[in-house]
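Okay, structure first, notes after.
Keep in mind that what you see is a predicted model, and the values were worked out from it rather than measured. Letters A, B, ... mirror the listed sequences (proteins, then strands); counts begin at 1.
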4 protein chains.
Amino acid sequence: MAQAPNPDLRSLRSHRAILDAAVELAIRDGYAKVTVEAIAQAAGVGKQTIYRWWHSKAAVLLEALNDRTGPAARVPDTGDLATDLATATRAVMLLFNTPLGTIWRGLIADAQSDTRLAENLRTSFFEPRTARWQERLDAAVTAGELRADVPTQTMVELLFGPVYYRLLLGTAPLDPDGTTARVDYLLNGLRAR
Amino acid sequence: MAQAPNPDLRSLRSHRAILDAAVELAIRDGYAKVTVEAIAQAAGVGKQTIYRWWHSKAAVLLEALNDRTGPAARVPDTGDLATDLATATRAVMLLFNTPLGTIWRGLIADAQSDTRLAENLRTSFFEPRTARWQERLDAAVTAGELRADVPTQTMVELLFGPVYYRLLLGTAPLDPDGTTARVDYLLNGLRAR
Amino acid sequence: MAQAPNPDLRSLRSHRAILDAAVELAIRDGYAKVTVEAIAQAAGVGKQTIYRWWHSKAAVLLEALNDRTGPAARVPDTGDLATDLATATRAVMLLFNTPLGTIWRGLIADAQSDTRLAENLRTSFFEPRTARWQERLDAAVTAGELRADVPTQTMVELLFGPVYYRLLLGTAPLDPDGTTARVDYLLNGLRAR
Amino acid sequence: MAQAPNPDLRSLRSHRAILDAAVELAIRDGYAKVTVEAIAQAAGVGKQTIYRWWHSKAAVLLEALNDRTGPAARVPDTGDLATDLATATRAVMLLFNTPLGTIWRGLIADAQSDTRLAENLRTSFFEPRTARWQERLDAAVTAGELRADVPTQTMVELLFGPVYYRLLLGTAPLDPDGTTARVDYLLNGLRAR
DNA sequence: CACTAATCGAGACGGTACGTCTCGTCTTCGC
DNA sequence: GCGAAGACGAGACGTACCGTCTCGATTAGTG
């Protein structure tokens, strides 16, 4: 990702143009068809200006996405744990169903062969969000709503694993309406009673 | 994917050589660094021979992997559901921790931008395996061990989602030893009792 | 220069197209403005096809020029040495006054910083032509028309040095009509009688 | 070329540093490898400072060379014409055999595609020197030592043409020891007696 | 002596071309 | 007559410089 470009420099205008152009192209042509060259051209910018601040098109798009989705928000805390979980996972699914979801898939794909990108993905996206979730879940554990013997990190994986499974493997569409049920399965288990 | 080459031809020898070379290269250099050209050279084969039977290096590697891991096996049925689930998911994790796991990540990555490959992945890998799982889970539902109100397809996702989450997002290593606990969480739920 | 591309290969058509496009572009835009990229585009050819057979645009244009001016011809031998020298140097000047002269200047310019090109220039152009001249001059020495104590190599330089001086330094236009006088100066010397 | 920068300004220091850095880099890396950027860095100067006074690296190096070789000196006049000619051309060859000769070749090369540079080369170098030579040769004509029917401009070309021929075409090394003989050929002609 | 205006270094900027790489197709020649 | 070998058109890669354009941070000379 960009190493904090001095915002005083002329780059500011270019910076924005690059992020916007990258997203626009990714939406129009698909993540894989985007090239650094095309971004530069669409942004009215020299290629070197992109390479000066980012390592790859993936780094550009990651920043663009982080830029658009904002920082990790605190998970809702309405007092009703099940509803909070459902609300938040539903929001994620809705996001994944927009064109940004396709870009997100592309980024995760690239991260499989780009260690640096993978690291950026984790530190700039997954870790802050997971941390927020862990706060919320820790509170629920303290409140006696959740088992204390399950690591909250694992709970997060149980919650989102199935979402990413569908996102990346395409075995079934992401259905935001199924979240309530899914949260129920998770909280109450699959064992017959 | 390849349509059964005439086994009389020298193609047979080439076919094997291609699959082997592809896997070897992928293990040695990493999935992303493999090129059709390199496979052809390593297999002592013309590029055209590869393109005659496969669409891309991904198709080659998918066949090679299917070739090595064999067809979808029936999920074990020892009578103890929890153990069966743990045993089987543990086997998957062990596989993902070998070099073949890396190839698998590469294939899933490519599938994000290659619809045909994604389709092949599903039909040749996920669907048969999911079907086997569903058989086992259906039996458990019938036996009154699992809730009847949860689609077995969803159960499969709940079981494997977290595994693929770690495989593809790298937020934590795949630990085969944690499977028993994870099956417990799934069967009994996260809610405090 | 090309290392004898097998003329049976498909390259033949491309080979011609490249040489022609290069010359055309050099004439239209000037030698310095020609780029490998532009040649490729104008010839309807991939860049790699040019780099496969030549090291640089200079190598392409050298071959194109050699191709157009043909191999080194024997210097005329009418029996009148002075006339023969004048005729032949005049022909060189006339050539240098065509657009090919401009290309020739560009090649010599590039050769100043490209050892390989310089070598090619010498072996493919200067040496064969100088050899022809030396044959003719040797004959004249034997015939008692020229001093025997002057190396013919030096004579060639005395003859063409001033031509290249004007071509490359531009201190005066190349005037083909002055050749007869110049040959006189050379044969009879500048000393007052 | 630079129009005399105000010597009061810090420019002066920069001016010198630029000329020195340019020559040093040209000697170290070869004329063609020198870039304005590298000169600026080596001189501890902003690029713009170079472009403020010169059009190109060639202009810088031309001034640096003129700066180092001094203004055109009057050709020696010892009374012995042949010796004077040999002495002076010998000095030129010796200069061309130093690293400055390589820079000189580079400048002439660039001048083939840079009209402005070519003009500067002529006015700042060739014309003053040719003028000096013409003075000396005119005197010799008047003294009855040289033919009156040969333009002195032409004589200069006959004298230096072969030197530049070797310098630029590299067909043979510049041998300062051969000058006496060469002057003999020129004065007495190549015709057998 | 403080202040203003010019000039400096530094280097980012929009561009162009480089020479390399890989793609998927096409062609040739040897076995 | 099949298939290895590899040339082909295409086009993106990441780099190097170009010549122009901000930026502050020194100066220099003026008030």
### Proximity of A:H15 and A:W53 rings by center, below 6.0 Å
no
So, is B:T49 close to the F:dG3 phosphate, meaning a side-chain N or O under 4.0 Å from OP1 or OP2?
no
Closest non-hydrogen atoms of B:I108 and A:L168, given as atom of the first, atom of the second and distance, are CG2-O, 4.3 Å
Across all chains, not counting sequence neighbours, the side-chain hydrogen bond (donor to acceptor under 3.5 Å, both in side chains) partners of D:E119 are D:R122
Name every donor-acceptor pair, under 3.5 Å, that has one atom in a side chain of residues 21-37 of chain B and the other anywhere in the protein, sequence neighbours excluded.
from, atom 1, to, atom 2, distance (Å)
B:Y31, OH, B:D110, OD2, 2.6
B:T35, OG1, B:A38, N, 2.9
B:E37, OE2, B:K47, NZ, 2.8

note: B:K47, atom NZ; E:dT25, atom P; distance rounded to Å ~ 10 Å
Contacts of D:V45 and A:Q48 projected onto DNA chain E by closest heavy atom; the upstream (5') one is D:V45
Taking five pairs at each terminus, the helix from E:dC1-F:dG31 to E:dC31-F:dG1 shows an axis bend, to 10°, of 20°
B:Q41 meets the side chain to side chain contact (heavy atoms under 4.5 Å, CB included) criterion, sequence neighbours left out, with none
D:R68 meets the salt bridge (Lys or Arg N to Asp or Glu O under 4.0 Å) criterion, sequence neighbours left out, with D:D20
* Counting heavy atoms not belonging to B:R116, are there more than 12 under 6.0 Å from its CZ? -> no
Residues in residues 110-119 of chain B with a heavy atom under 4.0 Å of DNA chain F, by number, are none
Under a 4.0 Å heavy-atom cutoff, the residues of residues 29-43 of chain C touching DNA chain F are none
Taking for D:K57 and for C:G44 the nucleotide of DNA chain F with the nearest heavy atom, the one nearer the 5' end belongs to C:G44
Taken in chain and number order and not counting sequence neighbours, the residues that satisfy side-chain hydrogen bond (donor to acceptor under 3.5 Å, both in side chains) with A:S113 are none
Between OH of A:Y51 and P of E:dA17 the distance, given in whole Å, is 18 Å
Hits for side-chain hydrogen bond (donor to acceptor under 3.5 Å, both in side chains) against C:T102, two or more places apart or cross-chain, chain-then-number order -> none
